Amino acid sequence: MTDPRTSPYAYPGLHNSAQTRIKHSNCFNKGELDIIAMSCCDEYGLTFEEFKGRCRSAMLADARKIFFYLCREEFYQFTCKRLGMYMDRDHSTVVYSVQRAGQLLEFDSNFKDRYKHARGVAELRLKLNGYPYKGSEIVQNKWTPQQKSICIADSL
């Protein structure tokens, strides 16, 4: 009898444990997320490890708010779950950060200036690296078959 959690027809020829690992892996193209994160790190003078770490100082929180807002509202429409998995946080943290960033953009001029600068840098880097985003000439929402096969091979 096969494992009821995964379908034997989903990935023919693979063992059940490999099927489960592929099905539940956090496998997604992270290139654009890394670029946006690094632009936020550069704006606040942070390292990538500090940015993704567990510290909750005001400066780090503001950098993360800008990151979440850019990924969720401006450039892409990533789900809160996906952004949370990328930053090792819960989806509710992402929801709150996006809402709070929207409020701060209306009232806090310092936050707004830093946001505009980080957005400009991220937009330039995305364009130079060939990542399509909302507002660019070509926006693609689906991966190519080659990207999918690389993602599956990496998770094995």
Side-chain angles (χ1 to χ4, degrees), residues 10-11 18 20-156:
Y11 308 98
T20 304
R21 198 169 54 240
I22 290 171
K23 185 176 179 181
H24 298 292
S25 68
N26 298 340
C27 186
F28 48 83
N29 190 1
K30 300 187 306 185
E32 59 272 352
L33 293 174
D34 290 338
I35 289 172
I36 297 170
M38 286 309 296
S39 67
C40 293
C41 288
D42 292 346
E43 177 62 30
Y44 282 90
L46 305 170
T47 64
F48 193 66
E49 290 78 27
E50 289 174 332
F51 182 73
K52 287 187 81 171
R54 302 309 291 175
C55 183
R56 297 188 296 179
S57 69
M59 183 176 61
L60 286 166
D62 284 349
R64 292 178 191 134
K65 286 173 193 164
I66 289 174
F67 168 74
F68 289 136
Y69 192 83
L70 287 174
C71 292
R72 181 93 173 117
E73 302 291 330
E74 291 294 324
F75 294 129
Y76 301 100
Q77 291 181 338
F78 289 128
T79 62
C80 294
K81 181 179 178 182
R82 181 173 175 182
L83 291 172
M85 286 187 334
Y86 177 75
M87 293 291 289
D88 294 327
R89 285 170 170 67
D90 193 39
H91 73 281
S92 61
T93 304
V94 178
V95 171
Y96 177 76
S97 296
V98 170
Q99 288 174 351
R100 186 71 179 135
Q103 293 170 352
L104 287 172
L105 284 173
E106 292 177 16
F107 301 110
D108 190 357
S109 62
N110 185 30
F111 183 83
K112 190 173 190 174
D113 292 340
R114 285 184 176 252
Y115 164 78
K116 285 182 180 179
H117 187 263
R119 186 186 191 287
V121 170
E123 187 173 353
L124 179 65
R125 289 180 182 172
L126 287 170
K127 191 180 294 184
L128 290 175
N129 286 301
Y131 287 103
Y133 56 90
K134 191 165 67 171
S136 67
E137 300 83 34
I138 301 171
V139 176
Q140 299 173 348
N141 291 329
K142 298 189 178 186
W143 286 2
T144 63
Q146 182 183 11
Q147 288 173 320
K148 286 183 184 178
S149 65
I150 290 171
C151 184
I152 290 173
D154 289 342
S155 64
L156 293 176

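Starting from 1, each residue takes its place in the sequence as its number. Only a predicted model underlies this, so the values are computations on that prediction, with no experimental measurement involved. Side chains are part of it too, since the values below use all heavy atoms of this structure and drop only hydrogens, waters and symmetry mates.
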Shortest non-hydrogen contact from C80 toward V95: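 Result for this residue pair: SG-CG2, 3.6 Å.
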Determine whether [X] and [Y] make a side-chain contact, defined as any pair of heavy atoms from C-beta on separated by less than 4.5 Å.
| X | Y | result |
| --- | --- | --- |
| T47 | C41 | no |
| Y69 | S97 | no |
| Y131 | E32 | yes |
| L33 | L83 | yes |
| D62 | M59 | no |

So does Q99 get a backbone contact from the side chain of K65, meaning a donor-acceptor N/O pair under 3.5 Å?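 Not confirmed, K65 side chain does not pair with Q99 backbone.
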Think R72 forms a cation-pi with F78, using NZ or CZ under 6.0 Å from the six-ring centre and within 45 degrees of its axis?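 Cation-pi check for R72 and F78: fails.
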Tell me whether the centres of the aromatic rings in F51 and Y44 are closer together than 6.0 Å.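 Between F51 and Y44, the centre distance exceeds or equals 6.0 Å.
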Ring centers of Y76, Y133 separated by less than 6.0 Å: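 When the ring centroids of Y76 and Y133 are compared, they turn out to be at least 6.0 Å apart.
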With rounding to the nearest 0.5 Å, note down the distance linking [atom1] in [X] to [atom2] in [Y].
| X | Y | atom1 | atom2 | value |
| --- | --- | --- | --- | --- |
| L70 | L126 | CG | CG | 9.5 Å |
| N129 | I35 | CG | CD1 | 4.0 Å |
| C40 | R114 | SG | CZ | 11.0 Å |

Residues two or more places apart in sequence or in another chain: which of them pass side-chain contact (heavy atoms from CB on, under 4.5 Å) with K116?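 K116: side-chain contact (heavy atoms from CB on, under 4.5 Å) contacts with K112.
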Does anything in residues 39-58 form a salt bridge (charged side-chain N to carboxylate O under 4.0 Å, His left out)? List the pairs, not counting sequence neighbours.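 Only D42-R125 qualify under salt bridge (charged side-chain N to carboxylate O under 4.0 Å, His left out).
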Sidechain N-carboxylate O distance under 4.0 Å for E74, R119: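 Yes, this pair counts.
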